[in-house]
Amino acid sequence: MKFVKKIEIVTGSLQSKKITQLLEEHSISYTIINNVMGKGDSGYQDGDGLHEAFQNRYLLVACSEEQLNKIVEPLRKMLAKSGGMCLVTDAQWLMH
Amino acid sequence: MKFVKKIEIVTGSLQSKKITQLLEEHSISYTIINNVMGKGDSGYQDGDGLHEAFQNRYLLVACSEEQLNKIVEPLRKMLAKSGGMCLVTDAQWLMH
Amino acid sequence: MKFVKKIEIVTGSLQSKKITQLLEEHSISYTIINNVMGKGDSGYQDGDGLHEAFQNRYLLVACSEEQLNKIVEPLRKMLAKSGGMCLVTDAQWLMH
Amino acid sequence: MDLQLILDNLGSPPVLFFFLGMIAVWIKSDLEVPQPLPKFLSLYLLFSIGFSGGAELSHSGLTHDVVINLGLALIMSVIVPVYTFFILKKKLDVYNAGAIAATYGSISAVTFITAVSFLTDRGVEYGGYMIAAMALMESPAIIVGVILIRSYSKNGNDQENGTSGIFKEALTNGSVVMILGSLIIGILTGTEGEEALKPFTKDIFKGVLTFFLLDMGLLAARRIRALKKAGTFLTAFGIVVPIFNAIIGILVCHLLGVKEGDALLLTVLFASASYIAVPAAIRLAVPEANPGLYVPLSLAVTFPFNVILGIPIYYYCINWLAS
Amino acid sequence: MDLQLILDNLGSPPVLFFFLGMIAVWIKSDLEVPQPLPKFLSLYLLFSIGFSGGAELSHSGLTHDVVINLGLALIMSVIVPVYTFFILKKKLDVYNAGAIAATYGSISAVTFITAVSFLTDRGVEYGGYMIAAMALMESPAIIVGVILIRSYSKNGNDQENGTSGIFKEALTNGSVVMILGSLIIGILTGTEGEEALKPFTKDIFKGVLTFFLLDMGLLAARRIRALKKAGTFLTAFGIVVPIFNAIIGILVCHLLGVKEGDALLLTVLFASASYIAVPAAIRLAVPEANPGLYVPLSLAVTFPFNVILGIPIYYYCINWLAS
Amino acid sequence: MDLQLILDNLGSPPVLFFFLGMIAVWIKSDLEVPQPLPKFLSLYLLFSIGFSGGAELSHSGLTHDVVINLGLALIMSVIVPVYTFFILKKKLDVYNAGAIAATYGSISAVTFITAVSFLTDRGVEYGGYMIAAMALMESPAIIVGVILIRSYSKNGNDQENGTSGIFKEALTNGSVVMILGSLIIGILTGTEGEEALKPFTKDIFKGVLTFFLLDMGLLAARRIRALKKAGTFLTAFGIVVPIFNAIIGILVCHLLGVKEGDALLLTVLFASASYIAVPAAIRLAVPEANPGLYVPLSLAVTFPFNVILGIPIYYYCINWLAS
Ligand SMILES: Nc1ncnc2c1ncn2[C@@H]1O[C@H](COP(=O)(O)O)[C@@H](O)[C@H]1O
Ligand SMILES: Nc1ncnc2c1ncn2[C@@H]1O[C@H](COP(=O)(O)O)[C@@H](O)[C@H]1O
Ligand SMILES: Nc1ncnc2c1ncn2[C@@H]1O[C@H](COP(=O)(O)O)[C@@H](O)[C@H]1O
Ligand code: NA
Ligand code: NA
Ligand code: NA
């Protein structure tokens, strides 16, 4: 097992594209769950709007602390604009 | 970063509606993932039943410890009836 | 509340079937999210390939430490072959 | 003639595609109709059958046949869950007995639609009001089942959802709203509406039904494994009770002089069991019941039995009595 | 005659299924058309209407009507957001005023398609270039709205997405590409293409539209609750502005001698508001605006108003002026 | 005449919508056909083509043409992966060479269906048994590819999935079951079944194909970027090998006197490469191979080449040889 940082982000589908781009630039792997609904400060994202603009996306990233440190500031800025949630937890990666 | 409690709930789609109602009443934000399958004490929820009654929903909530304390008892009661899983972890919220 | 181990696995949809089989054999409950996209060492899994072979699945398992110990080795072997991610965290199960 | 009817039915595209679905599961093929398309196809079928039935009604007007047929439908949807409940209670606990009883008191829209298609293929007429009979039979059994469970279970009265909640849910379930709504709109728009929507609601109907039955075959075969747990008693129940209900239907229709087409549809309603609406309602209202019993029983035993053998046999018997 | 037209429209299958959707929500039914099927159905409608319009154009060729109609469409899609912005700014902040203004400057493809179906039912002709007018009106209002917001908001100039970014997004949005693309392909393949695809693009078109309006009814009714927050001013806005824009449309068409069918379609474009393309673009470009205002206003007020009452009333007025 | 055929094909709705999809990606439009609808549309196409082919066969009966065509199909699906494997091994590792070889030994159902539509448009007949030839060619190449990889890779023999596992998977893959199943049902139900399902399986077929090709265009264009990594060798491979296989097809058909329509279909089967069934099987059986190579090559190079240029050119050559 290896200690990693687990990052969970929920934000609008359209806005999330900038975040995956950021991850790509730093060659960080990620997982995406689409069609995510929710309620936050900016109201409901209920997927009813016939357009993914009204849906969220969930991003899951496991990375090293250094990688986290590299992306944390741009990430914070993006989320300040787009809204949403970003949680960081400690986790163990089952080596394989 | 701010310390928060992360709550993850998996329960039947229909039953989950009461839980989101509870969260609404306490003005707690949440994220929903639909079409979730699973196996638990009450057997398979495989989405094959042509009705969302046979699917689960995943709810993700990040809230303060006080908020958690307010909802924990009604939540426990609901889950006792509906079945499912509820996990609580510590997490850090990336402030933005 | 009860302490449990939370296991999160992301791997190809087809490959994940062996993992749920393993969980079944040990009578461990699980939750499945389908249609999960992602990027990892073996490139993009973007669901664009008209076949679930090009999608991931997300598995969520809460179990006791003993249960984890029982499955950890076969799990590691499967993931070594199929690729993907497996994170283990501590969590509290809200008893009901 | 009996055998010929069965063979004809076995050789019809919907039934053959149902078999194809089952075979695909047995040979462990990865063939699947991805969600939510099966749900959409079933909405389409309800939409089309409801709308066509309404248009039909707008031509024929209400005759006294309507009263007889709707009355019979309503009565059976109350009687069936009661008598099956007491049979089932001998082997099962109250919750599962009530759940299965509700399932068999209600109806399967797809079985009904397959029977409609069977009649259409043979040029046999039926009344548009039969669609109303179908809608009428969907829900009462849920209510009867839940009342039975509450009366016979020990802690029956500390339930949170009052009976009125169950009532409301039973009456507002999506398929009932879809059928009744389409039926009423079909009546209101009459021939003109029928003509305008014909290519969508009639022409491609049989094709969509055929495609949908492929998915039903996949579903049914996947459920068959669960039947092992259900055991011989329940599996036998899933064939004997439909036959018994069908016999009631055939005899009553004969005595009351219900016409051939209507008689087949009424018989099929009596003989079929719900695998969408009722299971969904029961899952919420009676979480103590095991969906691993009531779903596979109606889906993997009664549904295939009715679609493959039941419909032609019932039709043969109706004609045999009439001649 | 006025009343008869309205009643006829109220009694048409698409409008009745729209009502059915609304009723289903009001009686708290669990009826739903599961995602992503509504999105697929709307793609189908754009595909079919675009393709048919193109085929139509390939027969008729370009006349000088085209220039007039496209010119009017373009002008109105710039004027409407400007004048509504200044009305809205009296009651709302700049962001919400701009967002709603953009919504009303753009158009609703489904309202347009329902009007096309209204004309077809009555055998009234319209020009294939009207499809191009629809496509032309989708996007400019987004750009106008965003420019207005940037000009009047305090920190308007530190926006990251330059105006050029908004331009590009507005012009490449999926529905514009789908309509224009299908239109051009329709022109290119002409009668031959039209014939080959007729069963798909024409015959089942009305049925799919009807089914889709069921979902629109569900959507609209779910949004109505959000209107309470919007208040009386906005709700009134959602009816008065379409009527006002329609009056402009009717008068201008009369003065310029635009033909009956084209006049109705142009009027409907003026009177309708976007609930897909613009809200989606605004959500990204102006996160400060509240989607709980601009979405329900167009979807739960203006859309039903136009589909149920607007289309027949506008048509009556056009004919009344002409006679 | 050559050029005219190509231009005609370029101007057909399916090909034009394929271009529209590609253009939408290039201008960065957000147009998309949401999952799982593309999968559903491809199931529909397999269902319809299989069923129609079966009905066709039930009329024509089995002639000795059948044996020739099916034999040729089977032989080529074994030869192609072998010869391409040895070419590819010069530039790629064993895993990728085997994966791509398997892809080109198999076939693309949509290319085949587009060729069927090309023939239908021109009123050229073809045998229903060609559908069987298509089904027959789907899987063998998977098995051949995997065997080649296991023979030439160092640790080829410690694989967990035995060759028998691959065999089973290859034969039970969903599209093979769908085509063969529909074909057999089409044979069984004959003219009667064909008539009953005609509006669904035939009338709207071309429209659905056209709509589906829009999505294929979107898919193909998204994959083109991945080709840069593949390099010139592979890109050239993706055009040269289909042409080479097509030449073999054209010559062999000429020598054996295969009729025009059948010859085109057989040639298209030889020239096309799989982008669903084989990639999916290889992903599981040979995780060492890079899907970023074998998917875009067949989807973004060979598929567009065949659909846009290949089909009319092959058809021209067949006719030119025959005259
Ligand atoms: N405290 C929270 N817990 C869970 N999900 C949240 C929370 N806050 C925001 N979200 C998610 O993030 C989305 C956007 O949040 P917001 O920008 O606050 O509207 C919401 O629709 C939710 O899905
Ligand atoms: N230990 C667990 N780990 C992961 N998911 C669980 C667990 N227990 C229950 N679930 C989920 O909760 C649903 C309902 O659980 P149950 O009420 O135990 O049948 C299941 O279908 C699973 O998706
Ligand atoms: N570090 C990571 N963080 C999040 N998801 C990952 C990570 N690594 C792999 N994955 C997921 O696992 C899938 C397969 O990974 P791989 O085998 O590395 O290609 C990817 O498509 C991702 O969805
Ligand atoms: Na019944
Ligand atoms: Na407008
Ligand atoms: Na080939």
Side-chain angles (χ1 to χ4, degrees), chain D residues 7-42 44-45 48 114 116-123 197-215 217-218 221, chain F residues 34-48 50-52 54-55 58 139 165 167-205 207-208 276-277 280-281 283-284:
Chain D
L7 285 180
D8 276 4
N9 190 53
L10 284 180
S12 73
V15 172
L16 288 171
F17 273 96
F18 183 81
F19 283 133
L20 180 59
M22 297 192 101
I23 291 169
V25 172
W26 289 331
I27 63 174
K28 296 198 160 67
S29 168
D30 62 353
L31 181 63
E32 59 154 2
V33 182
Q35 283 295 351
L37 285 151
K39 197 173 170 187
F40 172 63
L41 298 178
S42 78
Y44 164 84
L45 294 175
S48 296
T114 311
V116 165
S117 164
F118 177 92
L119 290 176
T120 312
D121 285 356
R122 280 156 192 78
L197 300 200
K198 185 172 168 294
F200 185 68
T201 55
K202 288 234 167 130
D203 295 350
I204 63 171
F205 183 80
K206 181 127 191 214
V208 178
L209 174 63
T210 302
F211 194 91
F212 183 67
L213 279 178
L214 171 71
D215 184 61
L218 292 165
Chain F
Q35 284 295 353
L37 285 151
K39 197 173 170 188
F40 173 63
L41 298 177
S42 78
L43 278 180
Y44 164 84
L45 294 174
L46 297 175
F47 171 89
S48 296
F51 189 76
S52 304
S58 80
S139 306
F167 257 90
K168 244 204 79 217
E169 240 153 60
L171 295 174
T172 62
N173 93 55
S175 48
V176 170
V177 171
M178 192 72 175
I179 304 168
L180 278 188
S182 306
L183 185 83
I184 293 169
I185 293 175
I187 296 176
L188 292 175
T189 61
T191 313
E192 209 177 320
E194 192 181 16
E195 279 307 307
L197 300 200
K198 186 173 168 292
F200 185 68
T201 55
K202 288 234 167 127
D203 295 350
I204 64 172
F205 183 81
V208 177
I276 305 181
R283 183 100 179 89
L284 194 64

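Reminder, nothing fancy here: chain letters follow the sequence lines and each chain counts from 1.
The contact between Leu214(D) and chain F is made entirely by side chain atoms (from C-beta outward), counting heavy-atom distances below 4.5 Å. Only the side chain of Leu37(D) comes within contact range of chain F, judged by heavy atoms closer than 4.5 Å. There is no contact between Ser175(F) and chain D, counting heavy-atom distances below 4.5 Å. For Leu41(D), the part sitting under 4.5 Å from any heavy atom of chain F is the side chain, from C-beta outward, and nothing else.
Contact count against chain D (heavy-atom pairs under 4.5 Å) is highest for Ile185(F) among Val177(F), Ile185(F), Thr201(F). Between chain F and the residues Gly207(D), Gly21(D), Pro36(D), the largest count of heavy-atom pairs under 4.5 Å involves Gly207(D).
When all heavy atoms of Lys28(D) and Thr172(F) are compared, the closest pair comes out as O-OG1, 3.9 Å. The two residues Ser182(F) and Leu20(D) come nearest to each other via the heavy atoms N-CD2, 4.1 Å.
Among residues two or more places apart in sequence or in another chain, the side chain to side chain contact (heavy atoms under 4.5 Å, CB included) test is passed with Pro199(D) by Asp203(D), Asp203(E), Ile204(E). Residues forming a side chain to side chain contact (heavy atoms under 4.5 Å, CB included) with Thr210(D) (at least two apart in sequence, or on another chain): Pro13(D), Pro14(D), Phe17(D), Lys206(D), Phe47(F), Leu197(F).
Taken to the nearest 0.5 Å, the CG atom of Leu43(F) stands 5.0 Å off from the CZ atom of Phe211(D). Between Ser12(D) atom OG and Leu188(F) atom CG the span is 11.0 Å, to the nearest 0.5 Å.
In this structure a side-chain-to-backbone donor-acceptor pair under 3.5 Å is present from Asp30(D) to Gly174(F).
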